[in-house]
**Student:** 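Please see the structure below; I have some questions.
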There are 2 protein chains.
Amino acid sequence: MVSIKDIAKHAGVSISTVSYALNGSPKVTEETTKKILAVAKELNYVPNAAARTLKKRETKIIGAFLTSFEGAFYGDLLQGMKEEMSKRGYDLVICSGTKSHRMLPEGFLDGAIVLDRMFTDEELLLYANRGHKLVVLDRELRHSNIVQVLLDNKAGATFAIEYLLRMGHKKLYVVTGPKGSFDSGQRLQAARQTVERNGPLWYAEIPGNFNKASGAAAAQRIMDEYDGPAAVFCLNDEMAIGMYNALKDTPYRIGEHIHVIGFDHIEISDYLQPRLASIDYSESRWGAVAAEQLIKLIEGVGAEHERIYVSLVEGESVKQR
Amino acid sequence: MVSIKDIAKHAGVSISTVSYALNGSPKVTEETTKKILAVAKELNYVPNAAARTLKKRETKIIGAFLTSFEGAFYGDLLQGMKEEMSKRGYDLVICSGTKSHRMLPEGFLDGAIVLDRMFTDEELLLYANRGHKLVVLDRELRHSNIVQVLLDNKAGATFAIEYLLRMGHKKLYVVTGPKGSFDSGQRLQAARQTVERNGPLWYAEIPGNFNKASGAAAAQRIMDEYDGPAAVFCLNDEMAIGMYNALKDTPYRIGEHIHVIGFDHIEISDYLQPRLASIDYSESRWGAVAAEQLIKLIEGVGAEHERIYVSLVEGESVKQR
DNA sequence: TTGTAAGCGTTATCAG
DNA sequence: CTGATAACGCTTACAA
């Protein structure tokens, strides 16, 4: 490995001169700088990150933590983050799994964006207390080193239920997400409120898990109880897809016997027959805003909590009753 | 920040004893070890990665480089890698963008898995020459510090064309991937060979780009030239989906006028109407094999080039002529 | 069994 | 403008 020491030797200067020259300090003659850069290039010099980090206590790398890489993998969200970070001189890496949490306290990362239920609130607060900077996308957590960038779940759930009501439905199901999911909790709460506010309605909740299997199970139960058109708000699209699958070889038709709306507006939903109604938001904007706030936090210029707005996307999976 | 020096002070021992104790060395009494661990816990000690790396010249982190995070394609691949790495004591981070290439030469990563056309062969060879360990998934590159884990593109393309022929098709199109793509090049080459080998056939190639837009454009051209049933091998599923979209509001039907097979068997393809025929392979196996070989390379136990096998998935997008 | 000390590659302070 | 030199936190001979 070639270090600044080697460069110093070859260029006939001291290592501090080399360091200054490499960092473009005006303290060094243009001439010597040029020479040093030439030698560096010739020797294929690459700075050692560990050494620099040890001194400067920063890596210019931030981590985004996901529960899993499987499924939709949040492509646009990550892309939005990456572009924003890149613009501001930071690199982004995507991490998953509890083992990799260590990277934060050990100083590999200058900060983290968390969308990962494998982090407990306690763990995050611990890191925040030690001075690490965090943005959370999946919980409410108040601390001076943490900022929240959250989806407007309540608005989305309200839009969804109101849409079903507007289409004349009187028998409503909600298929929920896993216990303890922040998004699910918020959506459910708003759905209940909207139902209550709109007077006497038939209403039931079916516990789900945000995956296809639980959507299919919910479909089964709805068929068992069938006594006329029912409307279902699946708290995410994945479960709605499970419902489509389960109904495929039955006499029940989506948009006719069972009306379905999801949440997230994932890509597949536009390809389903009939097209799935859903709640849409810009993943890339979500990512960009999260990145922006994290960098503000790191650089100590007033970061603020943010809300990501959502909108209704209609689809033939819900028809007028 | 609390360092081993602080622990030493609090425990009334020297820093080397602390270091030994923390690393579970048998050189230290069980008693002192216990005490030191207690103090460490009490002070919330976390080892500093930069310092350790500077000494040990390893991070136990490996990077997977992708061209982009967009598209839902790589979830299982990454999951396969992660699980394999985790089993062997390494962490995985996902990187994208040329700026983040620095992490490899600067010593942030113990190795890299590359599926990213933004790396040139020259750049990779440079790193390999400097001693960095690499696994490439998207090119052929021979070097003692590089191992290849490649899809069996040729088998897949052969299966696809043979399937179309078996179904009685005589007019064949291939929609290609971008210039310079290794996968596209291999698939195209095998497709051509199979066509040639099977005697006189109407055959044409349409340049594509592995995205939906180019699939749609290809569909347009095929309709313009239409003079009877045609069969199309899209060199990936994404373009096949573009083709579905483009044909949606035309009188041409997939599986009737235009028969289509893709490559990759991505999730959406099972939800298309009619179901898309494709070439399938196990993404998670691909990832796991890549991870396994990289670690072998790093640990110096004979790593070997590997091939990932593929299989045909039939679908109603191709019907007997 | 424990302590001393050198050194990993940088940065940054202080003299010259 | 340039050069010694002391850190940064940790590992690891070697000494005691």
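Reminder, nothing fancy here: chain letters follow the sequence lines and each chain counts from 1.
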**Student:** Quick one: does B/D110's side chain have a donor or acceptor within less than 3.5 Å of a partner on B/T59's backbone?
**Tutor:**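 Checking the backbone N and O of B/T59 against the side chain of B/D110, a donor-acceptor pair under 3.5 Å is found.
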**Student:** Quick check on B/R117: does its CZ atom have over 12 non-hydrogen neighbours (other residues, nucleotides or ligands) under 6.0 Å away?
**Tutor:**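 No, CZ of B/R117 has 12 or fewer neighbouring heavy atoms, counting only those of other groups under 6.0 Å.
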**Student:** Please evaluate the base of D/dA13 for a donor-acceptor partner in the side chain of B/Y20 within a cut-off of under 3.5 Å?
**Tutor:** yes
**Student:** Starting the side chain at C-beta, find the nucleotide from D/dG9, D/dC10, C/dT10 nearest to B/L54.
**Tutor:**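 So the side chain of B/L54 is nearest to D/dG9.
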**Student:** OP1 or OP2 of D/dG3 less than 4.0 angstrom from a side-chain nitrogen or oxygen of A/S14, does that happen here?
**Tutor:** yes
**Student:** Taking atom C1' of C/dT10 as reference, at what distance in whole Å does atom CG of A/D6 sit?
**Tutor:** 13 Å
**Student:** Of the listed nucleotides (C/dT11, C/dG9, D/dT5), which one gets closest to any side-chain atom of B/R57?
**Tutor:** C/dG9
**Student:** In whole angstrom, give the distance that lies between atom CG of B/N48 and atom P of C/dG9.
**Tutor:**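 Rounded to whole Å, this separation is 17 Å.
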**Student:** Rounded to the Å, how far apart are B/I15 CD1 and D/dT11 P?
**Tutor:** 10 Å
**Student:** Assess whether one donor atom and one acceptor atom, taken from the side chain of B/S16 and the base of C/dT4, lie less than 3.5 Å apart.
**Tutor:**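 Such a pair is found, so the answer is yes.
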**Student:** Check B/D121, B/I146, B/L115 against B/R139 for a side chain to side chain contact (heavy atoms under 4.5 Å, CB included) and give me the one that passes.
**Tutor:**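 Output: one option passes, namely B/D121.
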**Student:** To the nearest Å, how far apart are B/L22 CG and D/dT11 P?
**Tutor:** 8 Å
**Student:** Could you tell me whether A/V46 contacts a base, only the sugar-phosphate backbone, or nothing, with contacts defined as non-hydrogen atoms closer than 4.0 Å?
**Tutor:** sugar-phosphate
**Student:** Taking atom P of C/dT11 as reference, at what distance in whole Å does atom CZ of A/R52 sit?
**Tutor:**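 A/R52 atom CZ is separated from C/dT11 atom P by 7 Å.
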**Student:** Counting distance only, does the side-chain N/O of B/E84 pair as donor-acceptor with the main-chain N or O of B/A288 below 3.5 Å?
**Tutor:**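 The answer is no, because no donor-acceptor pair under 3.5 Å joins these two groups.
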**Student:** Figure out the CE/C1' separation between A/M1 and C/dG9, and round it to whole Å.
**Tutor:** 8 Å
**Student:** According to a strict under-4.0 Å criterion, is A/S19 in side-chain N/O contact with OP1 or OP2 of C/dT10?
**Tutor:**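 For C/dT10, OP1/OP2 do not have a side-chain N/O of A/S19 under 4.0 Å.
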**Student:** How many Å lie between NZ on B/K5 and C1' on C/dA5, as a whole number?
**Tutor:**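 In whole Å, C/dA5 C1' and B/K5 NZ are 13 Å from each other.
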**Student:** Say whether, by atom type as modelled, one donor and one acceptor occur between the side chain of A/Q293 and the main chain of A/E304 under 3.5 angstrom.
**Tutor:**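 Flag set: sc A/Q293 to bb A/E304 pair under 3.5 Å.
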**Student:** Using modelled atom types only, decide if a donor and an acceptor are shared between the side chain of B/S100 and the backbone of A/D91 within a distance under 3.5 Å.
**Tutor:** no
**Student:** Using heavy atoms and a sub-4.0 Å distance, could you list which residues of residues 26-38 of chain A are near DNA chain D? By number, please.
**Tutor:**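 Those residues are A/K27, A/V28, A/T29, A/T32.
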**Student:** For B/A51 and for B/G12, find the nucleotide of DNA chain C with the closest heavy atom, then tell me which residue's nucleotide is more 5'.
**Tutor:**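 Its nucleotide being nearer the 5' end, the pick is B/G12.
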**Student:** Does B/W286 reach the main-chain N or O of B/V149 with its side chain, forming a donor-acceptor pair under 3.5 Å?
**Tutor:** yes
**Student:** Please report the distance, rounded to the nearest Å, between OH in B/Y45 and C1' in D/dC10.
**Tutor:** 7 Å
**Student:** Taking the side chain of B/T17 as its heavy atoms from C-beta onward, which of C/dT10, C/dG3, D/dT11 lies nearest to it?
**Tutor:**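 It is C/dG3.
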**Student:** Side-chain donor or acceptor of A/K55 under 3.5 Å from a matching atom on the base of D/dA7?
**Tutor:**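 Pair found.
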**Student:** Closer than 4.0 angstrom, basic N to acidic O: yes or no for A/R52 and B/E106?
**Tutor:**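 Salt bridge: yes.
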